[in-house]
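For ligands, and for the atoms within them, numbers begin at 1 and follow the listed sequence.
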Amino acid sequence: MTIRHTIHTIREATTPLYGEREAESVARLVVCDRLGYNLSQLVAHYEEECEIADLKVIVEELRQGRPVQYVLGKAEFCEMEFEVAEGVLIPRPETEELVYRIAETAGRGARILDIGTGSGAIAIALAKLVKESEVVAIDISREALNIAERNAERLGVKVEFVEADALGDLSALGTFDIIVSNPPYIPQSDIVDMRKNVVYFEPHTALFVPDDDILRFYRATAENATKMLREGGSLWFEIYEKAGEEVCSMLREKGFTQTELFEDANAKPRMVWSRR
Ligand code: SAM
Ligand code: GLN
């Protein structure tokens with residue numbers, strides 16, 4: 001089978017779920033991974049014969065909706081390769097935007113806390129991007145922390161990972177210049193509109209909050225931040241696109257006088273910055 005044919009096979013299996021464009025990139029990801037090519041090498045070798053021993057299994061898993069990142073066991077984030085598996089959320093492009101915004105404004109040697117670290121994506125990327133930073137990251141899931149620890153080690157950065165509940169008092173972790181969180185924020189009732197690949201395969205503890213308390217994690221983190229943020233320190237959130245105003249007014253009620261809402265590359269309000 002040629003590369004062209006292999007891509008066609010994968011695309012056919014995934015188009016019903018992802019649509020043609022995304023199915024094409026899923027197919028390319030798989031073939032690049034298995035052949036060790038980058039995208040331009042792939043295009044240059046389209047008519048070459050290729051043998052992917054586990055192609056049948058891969059195609060079947062993709063057809064059932066298993067995200068390609070779980071199938072391959074890896075995801076790209078901020079130009080780094082992260083190990084991922086069913087126990088952690090697949091890091092998203094909008095979260096990369098959050099990281100780059102924070103990195104641009106963080107001072108050298110900043111002490112940074114990442115709440116709900118999952119694969120460790122935010123914590124590890126910031127540890128790489130912010131010179132001499134000291135990064136602490138928490139999650140309630142031991143499974144996630146194990147993956148995050150392996151990611152930090154493989155990517156050669158030091159992050160202190162702690163098993164802790166974001167809804168409790170975190171002040172024992174000390175004080176920080178930057179506190180960041182991409183917490184669970186999708187209202188439970190949105191589940192009916194979400195894609196099968198997310199709902200059936202990604203951890204629900206990473207995604208959902210009760211409809212009647214969608215600010216739960218933001219409120220708890222704001223409370224911790226009032227005790228844990230140093231003078232002039234920044235609080236950064238990734239948010240549910242419809243919750244921007246609610247998050248900002250909750251922050252103002254808690255004494256954060258400066259709040260700013262940022263849009264992502266798709267022009268959706270997805271990031272909040274705040275300072276007391
Ligand atoms: N930071 C990662 C990222 O941006 O890709 C993962 C974000 S995911 C949306 C939310 C994370 O919060 C999950 O890893 C989940 O395990 C964690 N989490 C959920 N409830 C928590 C709690 N009560 N305390 C601490 N972490 C929690
Ligand atoms: N942005 C993710 C999604 O839409 C959810 C991340 C989160 O809940 N923090 O699936």
**Q** Heavy-atom count check: over 12 atoms from other residues, nucleotides or ligands less than 6.0 Å from Y200 OH?
**A**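 No, OH of Y200 has 12 or fewer neighbouring heavy atoms, counting only those of other groups under 6.0 Å.
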
**Q** Pull out every atom of ligand 1 sitting under 4.0 Å from any heavy atom of T95, numbered as shown with elements.
**A**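 Once the distances to T95 are compared, the set is 4 (O).
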
**Q** In ligand 1, which numbered atoms sit nearer than 4.0 Å to a non-hydrogen atom of A164?
**A**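 Numbered from 1, ligand 1 contributes 24 (N), 25 (C).
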
**Q** So which of V84, I140, L98 gets nearest to atom 27 (C) of ligand 1, if we judge by its closest heavy atom?
**A**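 Residue with the shortest heavy-atom distance to the ligand atom: I140.
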
**Q** Specify the protein heavy atom at minimum distance from atom 3 (C) of ligand 2: its residue, its atom name, and the distance to 0.1 Å.
**A**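 The closest one turns out to be R92 NH2, 3.5 Å.
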
**Q** Looking only at heavy atoms, is any part of T117 under 4.0 Å from ligand 1, and if so is it the side chain, the backbone, or both, or is it neither?
**A**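 For T117, the contact with ligand 1 is made by the backbone alone.
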
**Q** Report yes or no: does R270 have a heavy atom closer than 4.0 Å to ligand 2?
**A**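 Yes, R270 has heavy atoms under 4.0 Å from ligand 2.
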
**Q** Using heavy atoms and a threshold below 4.0 Å, how should the contact between E241 and ligand 2 be classified: side chain, backbone, both, or neither?
**A**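 Under 4.0 Å from ligand 2, E241 contributes no heavy atoms.
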
**Q** For ligand 1, is any non-hydrogen atom under 4.0 Å from F217's backbone (N, CA, C, O), its side chain (CB onward), both, or neither?
**A**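 The part of F217 near ligand 1 is the side chain, not the backbone.
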
**Q** I need the contact type for E94 against ligand 2. Using non-hydrogen atoms and a strict under-4.0 Å cut-off, is it side chain, backbone, both or neither?
**A**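 Side chain only.
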
**Q** Give the atoms of ligand 1, by number and element, whose distance to some non-hydrogen atom of P91 is under 4.0 Å.
**A**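 Here the atoms of ligand 1 in question are 5 (O).
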
**Q** Hey, is S119 one of the residues with a heavy atom under 4.0 angstrom from ligand 1?
**A**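 No, that is not the case, since the closest heavy atom of the residue is not under 4.0 Å from the ligand.
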
**Q** Just do the ring-ring contact (aromatic ring centres under 6.0 Å, His included) check on F237 and Y218 with the steps written out, would you?
**A** CA-CA 8 Å; F237 287 135; Y218 300 103; 4.8 Å; yes

**Q** For ligand 1, find out whether one of its N or O atoms is nearer than 3.5 Å to an N or O atom of S141.
**A**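 N/O-N/O distance under 3.5 Å: no.
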
**Q** Is there at least one pair of N or O atoms, one from P183 and one from ligand 2, spaced under 3.5 Å apart?
**A**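 P183 vs ligand 2: N/O contact under 3.5 Å present.
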
**Q** Angle class for the F208/H204 ring planes (parallel below 30°, perpendicular above 60°, tilted otherwise)?
**A**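 Perpendicular, since the angle between the ring planes exceeds 60°.
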
**Q** Just verifying a value: how many Å separate R4 CZ and E49 CD, rounded to the nearest 0.5 Å?
**A**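 So the CZ of R4 and the CD of E49 are separated by 12.5 Å.
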
**Q** Taking heavy atoms and a distance under 4.0 Å, where does L89 meet ligand 1: side chain, backbone, both or neither?
**A**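 The part of L89 near ligand 1 is the side chain, not the backbone.
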
**Q** Can a salt bridge be assigned to the pair E24 and R11 using a cut-off of 4.0 Å between side-chain N and carboxylate O?
**A**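 Looking at R11 together with E24, the answer is yes, because their closest N to O distance falls below 4.0 Å.
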
**Q** Return the closest protein heavy atom for atom 4 (O) of ligand 2 as residue, atom name and distance.
**A**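 Result: I186 CD1, 4.0 Å.
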
**Q** May I ask you to list the atoms of ligand 2 that are less than 4.0 angstrom from any heavy atom of A206?
**A**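 In order of number, 8 (O).
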
**Q** Given I122, which of T95, T117, V135 fulfils the side chain to side chain contact (heavy atoms under 4.5 Å, CB included) condition?
**A**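 Testing I122 for a side chain to side chain contact (heavy atoms under 4.5 Å, CB included) against T95, T117, V135 leaves exactly one candidate, T95.
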
**Q** Measuring only between side-chain heavy atoms, which start at C-beta, is F176 closer than 4.5 Å to V136?
**A**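 Yes, close enough: below the 4.5 Å cut-off.
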
**Q** Who's the nearest protein heavy-atom neighbour of atom 1 (N) of ligand 2, and how far?
**A**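 Residue, atom and distance for the closest contact: Y185 OH, 3.1 Å.
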
**Q** Any N or O on I122 sitting closer than 3.5 Å to an N or O of ligand 1?
**A**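 Between I122 and ligand 1, no N or O pair is found under 3.5 Å apart.
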
**Q** Check if S181 has a non-hydrogen atom at a distance under 4.0 Å from any atom of ligand 1.
**A**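 Checking ligand 1 against S181, which is what was asked, there is no heavy-atom contact under 4.0 Å.
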
**Q** Taking only heavy atoms of D165, which atoms of ligand 1 are found under 4.0 Å from at least one of them?
**A**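 Close to D165: 22 (C), 23 (N), 24 (N).
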
**Q** If you count heavy atoms of other groups shown closer than 6.0 angstrom to CD of Q258, is the number above 12?
**A**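 Above 12, so yes.
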
**Q** Are any of the N/O atoms in D139 less than 3.5 Å from those in ligand 1?
**A**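 Between D139 and ligand 1, an N or O pair is found under 3.5 Å apart.
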
**Q** Rounded to the nearest 0.5 Å, what separates atom OH in Y100 from atom CG in L129?
**A**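 If we round to the nearest 0.5 Å, Y100:OH and L129:CG are 6.5 Å apart.
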
**Q** Counting heavy atoms only, which of G116, G118, A144, A123 is nearest atom 1 (N) of ligand 1?
**A**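 Nearest option to atom 1 (N) of ligand 1, by heavy atoms: G116.
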
